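What follows is one structure encoded as structure tokens, with my remarks underneath.
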Amino acid sequence: MSDDSRIAELLGTLRKQGITDERVLKAVAETPREAFVETPFEGSAYANTALPIACGQTISQPYVVAFMTQALELGDRMRVLEIGTGSGYQAAVLAKLCRMVYTVERHKPLLKEAEARFRKLHLDNIVTRHGDGYQGWPEQAPFDRIVVTAAFSEVPQILIEQLKPGGILVTPVGYETISQDLIKIIRSEEGASPGYTTEALLPVVFVPMVPGLPQEGNDRNAKDRKS
Ligand code: SAH
């Protein structure tokens, strides 16, 4: 099967699973997932599954990437913060739908590989940061949208504060490693009370958010979760 027919099949599956935003489907179709997976998995790049990447992490399932992207209700002038660059795939999909993506990753080897992919694919509206996503990116805040691709046990208030009034944050939340809730937080307009609303969207499985940075020299082989 050619990549084109695999992509067409994937889009058909995403439609059946409830992805209706044509802009999101187009962004998925135009993002070569094979460039974001490790060589042994290239043949499965368009399968609707998560796959392992370096540093014990995963590239998310296309359905979950499309679902989160759709839930963000992106506009093409927006500035979006992503926590958890990983392979860079989610950032690449976002980059097709907004003005600027700011993405933060704690594992330097992953970030370097993602940066090389962004350069190769001429994704010039993605900026990266090696850092701890628990802090967000205060120097670039406030953001129109924030998306987190690892599970918090509890969403840090500091991240909600980096949203513009009316802004949307989509993140998995939960203590369990086998299932968490994908939630959508909408920050209230200026002065409104309460400060934000929360809605549960979907049960999901993400790697956990890990605070701080890995120890120097102990990065590439680091396993953040027991498996
Ligand atoms: N968006 C990615 C999915 C990556 S998996 C993709 O499309 O491929 C989640 C990522 O979150 C991992 O790379 C992990 O290292 C990162 N992560 C976990 N805790 C973090 C933290 N505190 N700060 C920044 N990144 C973090």
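Because the structure is predicted, anything quoted here is derived from the model rather than measured.
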ask   = What's the spacing between Ile19 CD1 and Thr13 OG1 if we round to 0.5 Å?
value = 11.0 Å
task = Examine Ile83 and Ile126 and state if one hydrophobic cluster contains both, with Ile, Leu, Val, Met, Phe, Trp and Tyr joined whenever side-chain heavy atoms are less than 4.5 Å apart.
result = no
request  = Decide side-chain contact (heavy atoms from CB on, under 4.5 Å) for Leu123 and Lys96; before the verdict, give the C-alpha distance in whole Å, the side-chain angles of both, and the deciding distance to 0.1 Å.
outcome  = CA-CA 8 Å; Leu123 295 169; Lys96 303 232 181 278; 3.9 Å; yes
inquiry  = Check whether Arg106 reaches the backbone of Gly212 with its side chain - one donor and one acceptor, N or O, closer than 3.5 Å.
reply    = yes
query = Between Asp76 and Arg23, does a side-chain contact (heavy atoms from CB on, under 4.5 Å) hold up when you go through it step by step?
reply = CA-CA 11 Å; Asp76 55 12; Arg23 292 182 65 226; 4.2 Å; yes
message = Side chains of Thr198 and Val155, heavy atoms from C-beta outward: is any pair under 4.5 Å?
response = no
query = What pairs with Thr20 under side chain to side chain contact (heavy atoms under 4.5 Å, CB included), at least two apart in sequence or on another chain?
reply = Gln70
task = Provide the closest heavy-atom pair for Met100 versus Asn125 in the form atom of the first, atom of the second, distance.
result = SD-O, 3.3 Å
inquiry  = Return the CG to CG distance between Leu94 and Leu81, rounded to the nearest 0.5 Å.
reply    = 10.0 Å
note = Applying side-chain hydrogen bond (donor to acceptor under 3.5 Å, both in side chains) to Thr103 and not counting sequence neighbours gives Glu82, Thr85
query = Is there a donor-acceptor pair closer than 3.5 Å between any side-chain N or O of Asp132 and the backbone N or O of Tyr134?
reply = yes
remark   = Nearest heavy-atom approach of Pro203 to Ser179 is CB-OG, 4.3 Å
Whether Gln162 side chain and Gln135 backbone form a donor-acceptor pair below 3.5 Å = yes
query = Shared ILVMFWY cluster between Val24 and Leu201, side chains joined below 4.5 angstrom?
reply = yes
query = Out of curiosity, Ile146 CD1 to Leu72 CG, how far, rounded to the nearest 0.5 Å?
reply = 10.0 Å
request  = Find the distance between CD (Glu38) and CD (Glu113) and round it off to the nearest 0.5 Å.
outcome  = 6.0 Å
ask   = Salt-bridged, Glu9 to Arg6, with N to O below 4.0 Å?
value = no
note = For Gly166 and Ile186 the tightest heavy-atom approach is O-CG2, 4.1 Å
query = Side-chain contact, heavy-atom cut-off 4.5 Å: Ile53 with Leu51?
reply = no
query = Counting distance only, does the side-chain N/O of Thr197 pair as donor-acceptor with the main-chain N or O of Arg187 below 3.5 Å?
reply = no
query = Taking atom types as modelled, is there a side-chain donor on Gln57 or Ser87 under 3.5 Å from an acceptor on the other?
reply = no
ask   = Does Val80 belong to the same Ile/Leu/Val/Met/Phe/Trp/Tyr cluster as Val104, with side-chain heavy atoms less than 4.5 Å apart forming each link?
value = no
inquiry  = One pair to check against side-chain contact (heavy atoms from CB on, under 4.5 Å): Met209 and Thr171. What are the steps and the verdict?
reply    = CA-CA 11 Å; Met209 278 292 290; Thr171 179; over 6 Å; no
query = Would Gln90 and Thr149 count as a side-chain hydrogen bond (donor to acceptor under 3.5 Å, both in side chains) if you check the C-alpha gap in whole Å, the side-chain angles of each, and the deciding distance to 0.1 Å?
reply = CA-CA 8 Å; Gln90 170 77 76; Thr149 63; over 6 Å; no
note = Here the pair of heavy atoms bringing Phe118 nearest to Gly88 is CE2-O, 3.4 Å
Gln180 (side chain) donor-acceptor with Val173 (main chain) under 3.5 angstrom = no
request  = For the pair Glu190 (side chain) and Pro165 (backbone), establish whether a donor and an acceptor sit closer than 3.5 Å, ignoring hydrogens and angles.
outcome  = no
ask   = Under a 4.5 Å cut-off applied to non-hydrogen side-chain atoms, are Leu25 and Arg15 in contact?
value = yes
key: Donor-acceptor contact present, side-chain Arg145 to main-chain Cys98, <3.5 Å   = no
ask   = How is the hydrophobic cluster of Leu213 composed, in terms of its other members, when Ile, Leu, Val, Met, Phe, Trp and Tyr link through side-chain heavy atoms under 4.5 Å apart, directly or indirectly?
value = none
remark   = Heavy-atom nearest pair, Phe206 first then Ala151, reads CB-N, 4.0 Å
message = Could you see if Val170 belongs to whatever hydrophobic cluster contains Leu163? Use Ile, Leu, Val, Met, Phe, Trp, Tyr and a side-chain cutoff under 4.5 Å.
response = no
request  = Would you mind listing every ring pair (Phe, Tyr, Trp, His ring centres under 6.0 Å) that reaches into residues 6-37, with sequence neighbours excluded?
outcome  = Phe36-Tyr89
message = Run Glu73 and Lys184 through side-chain contact (heavy atoms from CB on, under 4.5 Å) and show every step you take.
response = CA-CA 11 Å; Glu73 302 172 34; Lys184 177 171 180 169; 2.7 Å; yes
task = Return yes when atom CD of Glu139 has more than 12 non-hydrogen atoms of other residues, nucleotides or ligands closer than 6.0 Å, and no otherwise.
result = yes
note = Residues Glu105 and Gly84: closest non-hydrogen pair is OE1-C, 3.7 Å
query = Does any non-hydrogen side-chain atom of Leu159 lie less than 4.5 Å from one of Phe152?
reply = yes
inquiry  = Quick one, Val205 and Ile178 - any side-chain contact, counting heavy atoms below 4.5 Å?
reply    = no
ask   = Under 4.5 Å between any side-chain heavy atoms of Pro32 and Leu121, yes or no?
value = yes
ask   = Is there any ring pair (Phe, Tyr, Trp, His ring centres under 6.0 Å) pair reaching into residues 42-84, and which pairs are they, with sequence neighbours excluded?
value = Tyr63-Phe67
query = How far does OG of Ser60 sit from CZ of Arg33, to the nearest 0.5 angstrom?
reply = 8.0 Å
ask   = Near Gln157 CD, under 6.0 Å, is it more than 12 heavy atoms from other residues, nucleotides or ligands?
value = yes
query = Looking at CD1 of Ile59 and OG1 of Thr49, how far apart are the two atoms once the value is rounded to the nearest 0.5 Å?
reply = 9.5 Å
key: All side chain to side chain contact (heavy atoms under 4.5 Å, CB included) counterparts of Gln140, not counting sequence neighbours   = Arg79, Tyr102, Trp137, Phe143
Connected via hydrophobic side-chain network under 4.5 Å: Leu74 and Met68 = yes
message = Under a 4.0 Å threshold between the charged nitrogen and the carboxylate oxygen, would Lys26 count as salt-bridged to Glu22?
response = no
inquiry  = Measuring only between side-chain heavy atoms, which start at C-beta, is Val64 closer than 4.5 Å to Leu182?
reply    = no
